[in-house]
Every structure is written in structure tokens, then in C-alpha cells.
Amino acid sequence: MGVLAPSIIAADFGHLADELDRVARYSGLWHVDVMDGHYVPNLTIGPMIVEAIASVSDLPQDVHLMITNPADTWEWYAKAGAARIAFHPETAPDPLALLRDMRAAGVGAGLAVNPEVDADEMRPFLADVDLLVVMSVHPGFSGQQFIPDAVPKLRKLREMAGPELDLVIDGGVNEKTGPQCVEAGANVLVSASAIFGSDDPAATAKRLKAIADGAR
Ligand code: DX5
Ligand code: ZN
């Protein structure tokens, strides 16, 4: 069974608990996009929101850190209730050490792979990650167009990593692009605007969950 991971970045934050409620039954986890205004030109969520989500939902949270110096602040998110944390390897002086620190603290550890980063660059980390977040947009904003180069990259990463790794596709995922990603080996579909920007988020989430369930 695949997993649908709604990214709350496109939800209505004035009614966040209701927004989560509408799609929770089709969701396996929440994807939380943390942006700091430095690593990416956008500022979003901090640990307070992770804590707030944990207080209204039992679903696990994947925190996607798009920040400089994740080594300095990842523990805030762990304490706030993140189940897993992914960061961009170029933001950490020693990515392997950071992955190991996270796992030692009982937090799932992951790396996010930018569009210009080759799959082979992940090879040294494969034994130390629980998830890889393959970016099919340049990090920073919801609502961008899917970059199709992510599809062969998923295929290669799935071959390299084997069946156990959670291979997450993040950016521009919708009912058109989702099936290609699943076919190429993704088993977690992140989606923000396709769900929360649709007229009927629950119906869209249901269809995206069915697409994710095509995962091997
Ligand atoms: C991009 C984020 C994504 C993105 C998803 O920087 O990591 O999670 O916001 O948004 P959509 O699904 O709208 O592309
Ligand atoms: Zn993300």
C-alpha cells in the first residue's frame, strides 16, 4: 500500500484542524514544509505548528526542512512531535553524522534530493536514511509545475535502495503526474495544491490515495 502525504503548506491556516480532518482518512502522514527565508526565498512553519498538528491529529508528521543549518534546530521539531525529519544534504556540514544523530534520537531520518542533484550522490547515505524526498520542483513554493526528470531519478533510486526505503515524491504531484511517479517506484506521494486547492479536497485526496496504492 502506498501513502498519501498531504503537505499542509497549501491548507487554510485559519482553519488548519478542519483542513486536516477533511483529508485525514486518506492520509498516511502529514508532510510539513519548513522554510526559513534563507535556504529558500519563503518563510513558513516552525515547531509550534508541528506541536499544534500533533495536538489535533494522531497521524505521523514528516518534517521537510528547507533551512540553512538544520543541525542547529532539528531537535526543536523532534521535540514538537515530528516522526521523521528530512533535510537537504548541502545544508549540513556532515550529513551522515546528522542522519545518525536523528536516528539515535529515535527520529526517522531522510534526505531531500533537489532537481539538479544526481541519484548517485545519494549512494553514500542509503544505509542511514529511512526516506528520500525526491524534489520534482525547486524547493520554496507550493503550486509549481512538476519537473519530469524526477521520474527516471525515482526509478534509479528505487533500484539502488531496494524495496524497503520510503521513496517520497514532492512537488507538482497531481492525478496526472502521480501515476508516473508510482510506476517509477515512489511509494509516498506528497501533495499540497492539488489537494487543498481543489474544490473538493476529500475527493481529490481519495483519488490520489488510490494512485499511491498502486505502489509496489
Ligand atoms: C516545495 C515543497 C513541497 C511543495 C508541494 O518546496 O517541498 O512540499 O510545497 O506543493 P505542491 O504539491 O503544490 O507542488
Ligand atoms: Zn516538501
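Below, all heavy atoms of this structure are taken into account, side chains as well, without hydrogens, waters or symmetry copies. In listed order, ligands and their atoms are each counted from 1.
Contact of the His138 side chain with the Ile147 side chain is registered, since non-hydrogen atoms from C-beta on lie closer than 4.5 Å. Proximity of Ile169 to Leu167: side-chain heavy atoms (C-beta onward) are nowhere separated by under 4.5 Å. Looking only at side-chain heavy atoms (C-beta outward), Val32 and Tyr77 stay at 4.5 Å or farther from each other.
Within the 4.0 Å heavy-atom cutoff, Ala10 does not count among the residues contacting ligand 1. Residue contact annotation: Phe141 has a non-hydrogen atom under 4.0 Å from ligand 1.
One hydrophobic cluster holds both Met122 and Leu98 under the rule that ILVMFWY side chains link at heavy-atom gaps under 4.5 Å.
Per-residue contacts place Ser142 under 4.0 angstrom from the following atoms of ligand 1 (heavy atoms of the residue considered): 9 (O), 10 (O), 11 (P), 13 (O). Below 4.0 Å from some heavy atom of Gly171 lie the following atoms of ligand 1, by number and element: 14 (O). Set against the non-hydrogen atoms of Ile9, the atoms of ligand 1 under 4.0 Å away are 9 (O). Residue contact check: His31 has heavy atoms under 4.0 Å from atoms 8 (O) of ligand 1. For ligand 1 and Asp170, the ligand atoms under 4.0 Å from any heavy atom of the residue are 2 (C), 3 (C), 4 (C), 5 (C), 7 (O), 8 (O). Close contacts of ligand 1 with Met35, meaning ligand atoms under 4.0 Å from a residue heavy atom, involve 6 (O). In summary, the atoms of ligand 1 found under 4.0 Å from a heavy atom of Pro139, numbered by their order in the structure, are 6 (O). Within ligand 1, counting atoms from 1 as listed, the ones closer than 4.0 Å to a heavy atom of Gly143 are 11 (P), 13 (O), 14 (O).
The N/O atoms of Val137, backbone and side chain alike, include none that comes under 3.5 Å of an N/O atom in ligand 1. Residue Met66 has no N or O atom closer than 3.5 Å to an N or O atom of ligand 1. Of the polar atoms of His64, at least one N or O is found under 3.5 Å from an N or O of ligand 1, judged by distance alone. On a distance-only criterion, Asp33 and ligand 1 share at least one N/O pair closer than 3.5 Å. Here's the thing with His138: none of its N/O atoms is less than 3.5 angstrom from an N/O atom of ligand 1. Considering backbone and side-chain atoms together, Val190 places no N or O closer than 3.5 Å to any N or O of ligand 1.
The protein non-hydrogen atom at the shortest distance from atom 14 (O) of ligand 1 is Gly172 N, 2.8 Å. At the shortest separation from atom 13 (O) of ligand 1 among protein heavy atoms lies Ser193 OG, 2.5 Å. With respect to atom 12 (O) of ligand 1, the closest heavy atom belonging to the protein is Ala192 N, 2.8 Å. Looking only at heavy atoms of the protein, atom 6 (O) of ligand 1 is closest to Gly140 N, 2.8 Å.
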Would Val107 and Glu75 count as a side chain to side chain contact (heavy atoms under 4.5 Å, CB included) here? Give the steps. CA-CA 9 Å; Val107 177; Glu75 284 171 296; over 6 Å; no
Does the side chain to side chain contact (heavy atoms under 4.5 Å, CB included) test come out yes or no for Phe146 and Val151, once each step is laid out? CA-CA 10 Å; Phe146 183 83; Val151 175; 3.9 Å; yes
Apply side chain to side chain contact (heavy atoms under 4.5 Å, CB included) to residues Asp130 and Asp166 and explain how you reach the verdict. CA-CA 6 Å; Asp130 299 291; Asp166 266 353; over 6 Å; no
Stepwise side chain to side chain contact (heavy atoms under 4.5 Å, CB included) test for Asp33 and Ile45: CA-CA 7 Å; Asp33 285 310; Ile45 287 159; 5.5 Å; no
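The existence of a salt bridge linking Lys209 and Asp213 is confirmed by a sub-4.0 Å separation between a basic side-chain nitrogen and an acidic carboxylate oxygen.
Residue Met66 comes nearest to Pro139 through the heavy atom pair SD-CB, 3.6 Å, listed as atom of the first residue, atom of the second, then distance. Here the shortest heavy-atom pairing between Gly140 and Asn42 reads O-ND2, 2.8 Å.
Atoms CG and CZ, on Leu111 and Phe87 in that order, are 5.0 Å from each other to the nearest 0.5 Å.
Seen from the Zn ion (ligand 2), atom ND1 of His64 and atom OD1 of Asp33 lie 90° apart in angle, a value rounded to 10°. Vertex the Zn ion (ligand 2); arms to Asp170 atom OD2 and His31 atom NE2; angle 100° (nearest 10°).
At most 12 heavy atoms of other shown residues, nucleotides or ligands fall within 6.0 angstrom of atom CD in Gln145.
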